[in-house]
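Shown next, in structure tokens, is the structure this report addresses.
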Amino acid sequence: MENKKRGFVFVLILSLLAGIFSGVKEPGARAASQTPVKQHGRLAVKGTKLVDKNGKAFQLKGVSSHGINWDVGEPFVNEKALKTLRDKWGVNCFRVAMYTEDYNGYCVTDKDSQKKLLKTIDIAVTAAKKLGIYVIIDWHVLNDATPKKYQKQAKSFFKTVAKKYGAYENVLFEICNEPNGGASWKDIKSYANAVIPIIREYSKNIIVVGTPTWSQDVDVAAKSPIKKQKNIMYTVHFYAATHQESYREKVKTAVKAGLPVICTEFSACEASGNGNYNFTSAKKWLDLLDSLDISYVCWSLSNKNEAASLLKASCKKTGGFTTSDLSKMGKWLVKQYTS
Ligand code: IDC
């Protein structure tokens, strides 16, 4: 080959190789350029559906922290853990759950602990923003039964977090996890009508409202939804070994009546968070929710020795989990989210 031709072929090969290698990015960099939030932006409600910035139906597939007021919850709320969830578990949403009345809950603890709880929420929101995943700030009403009990504290809490994070595209607000006991839909609505306008001063993002009987009665909420507010969703929670066909019917009824439903908490175990798994029932639930484009979030990222924990009790890592760190529930979930 003449020198000139040889030179040409050499340059051609070099440019081909350069082309190939410029397409091979470091996995982290690729993930960052295509994060769920970059792709889907600010979410909204259209009819019964959660939609993305292009108005297309969009499903959140998430994991919830355990209570950040407990040491089985708080340590797992960190960027490294959330990155593993995004990159290896197929998760696009993290729920940061802060109990209000149970042990060390926001409304029953001292000022220093309250500051620490706010700091943990900040870690979750900051990490989620950086990683481009959605984050739900959850006011975890449980032992307190009615959200009316700490309405004053809730108003002040949501003012703080909405002011701080309300402009972020990736933040959702869940204003009462599971009203129960005597808390009627009327009580919940009265609470929601007090808290929603405060959030709306700073944010147009999705607000999730709990429903009566531990967030099971979406059919009841559907009969009388909250008026004059946009981007409101109503939550149904299920623990598949306890809640079966009749509870799935409630979801169908609610959606048929036009209610935008989201599932911010579920597991395949019993409602106690423990006991047996029923993966057949759990699969039926996810199939139903998929068919209706309903988002779901699994309880919980913890190594507590209970069935709902996604990590084994022996897992001492707080991030960078591998398959061997996952409980039976964790393995099942990752399979659902990644296949
Ligand atoms: C459970 C935790 C458990 C904790 C308990 C406190 O898994 O470790 O001791 O709360 O009462 C819910 C609640 C959620 C529960 C979960 C399992 O929203 O807080 O977590 N559950 O019982 N609703 C139905 C089930």
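One-based numbering, in listed order, for ligands and for the atoms of each. Note that the structure is predicted; figures quoted are calculated from it, not measured.
- Ring planes of Tyr103 and Trp70: parallel class, angle under 30° (limits at 30 and 60°).
- By the criterion of a heavy-atom distance under 4.0 Å, the side chain of Asn177, and not its backbone, is placed next to ligand 1.
- As a member of the Ile/Leu/Val/Met/Phe/Trp/Tyr network built from side-chain separations under 4.5 Å, Tyr202 groups with nothing else and remains a singleton.
- Nearest to atom 23 (N) of ligand 1 by heavy-atom distance, out of Glu178, Gln216, Glu306, is Glu178.
- Ligand 1 lies less than 4.0 angstrom from a heavy atom belonging to Trp299.
- Using a 4.0 Å cut-off between heavy atoms, Ser302 makes no contact with ligand 1 at all.
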| task | Begin from the C-alpha positions of Phe238 and Tyr247 and carry the test ring-ring contact (aromatic ring centres under 6.0 Å, His included) through to its verdict. | result | CA-CA 8 Å; Phe238 72 85; Tyr247 297 88; 9.9 Å; no

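- Looking at Asn69, Thr109, Asp110 one by one, the single match for side chain to side chain donor-acceptor pair (under 3.5 Å) with Asn104 turns out to be Thr109.
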| message | Show, in sequence, the C-alpha distance, side-chain angles and deciding distance for Arg95 and Asp138, and conclude whether the salt bridge (charged side-chain N to carboxylate O under 4.0 Å, His left out) test is met. | response | CA-CA 7 Å; Arg95 177 183 190 237; Asp138 163 45; 3.2 Å; yes

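- Ligand 1 has no atom lying under 4.0 Å from any heavy atom of His237.
- Heavy atoms of Leu142 found under 4.0 angstrom from ligand 1 belong exclusively to the side chain.
- The protein atom (non-hydrogen) at minimum distance from atom 10 (O) of ligand 1 is Tyr99 OH, 2.9 Å.
- For Ala271, the closest heavy-atom approach to ligand 1 falls below 4.0 Å.
- Protein heavy atom in closest approach to atom 9 (O) of ligand 1: Lys304 NZ, 3.2 Å.
- Nearest to atom 6 (C) of ligand 1 by heavy atom, out of Asn274, Thr264, Asp102, is Asp102.
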